[in-house]
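FYI, the numbering just counts along the sequence from 1. All values reported here derive from a predicted model rather than from experimental measurement.
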Amino acid sequence: MGKSRTFKDIFFRSENYQYMLSYPHALIELKDNDFAIGVRIHTQMNCQGSQELESHIWDVPAVVIECKTYLDKTMLQDAATAAEFSFYISFFKEI
């Protein structure tokens, strides 16, 4: 729980077919999150018939929250327009 690097994607990227048969060569893509609730996963992978283990650790999120601190002008204008519209709707309902 808290700031976390969570699982995004997995790729297997061997240099050639022969290497792929003996070692997974997994590339785990992670994403930085401002707040996440999830579980930490410890994995060990090996190819069938091979004794070489490849280990990885990553977090799998159940809930992720991103905190945005920057609003560009368009987003800010859209929020202001929506708030103004909401104000007029509630004002005219009272009349």
Should E66 and D34 count as side-chain neighbours, where that means a heavy-atom distance under 4.5 Å?
-> yes
So do the side chains of I57 and R40 get within less than 4.5 Å of each other, counting heavy atoms only?
-> yes
Could you state the interatomic distance from [atom1] ([X]) to [atom2] ([Y]), rounded to the nearest 0.5 Å?
| X | Y | atom1 | atom2 | result |
| --- | --- | --- | --- | --- |
| C47 | M20 | SG | CE | 8.0 Å |
| K8 | D32 | NZ | CG | 11.0 Å |
| E52 | Q44 | CD | CD | 13.0 Å |
| T6 | I37 | OG1 | CD1 | 12.5 Å |
| K31 | F7 | NZ | CZ | 14.0 Å |

Donor-acceptor pair, side chain of S4 and main chain of N33, under 3.5 angstrom = no
Among all residues two or more places apart in sequence or in another chain, which pass the ring-ring contact (aromatic ring centres under 6.0 Å, His included) test with F35?
-> none
Of the non-hydrogen atoms in S22 and S50, which two are nearest, and what is the gap between them?
-> O-OG, 2.8 Å
Parallel, tilted or perpendicular: ring planes of H25 versus Y23, cut at 30 and 60 degrees | perpendicular
Do you reckon [X] sits in the same ILVMFWY cluster as [Y], going by side-chain contacts under 4.5 Å, direct or chained?
| X | Y | result |
| --- | --- | --- |
| M45 | V60 | yes |
| L30 | I10 | yes |
| W58 | F12 | yes |

In this structure, are over 12 heavy atoms from other groups packed under 6.0 Å from [X] atom [atom1]?
| X | atom1 | result |
| --- | --- | --- |
| Q18 | CD | no |
| Q51 | CD | no |
| E15 | CD | no |

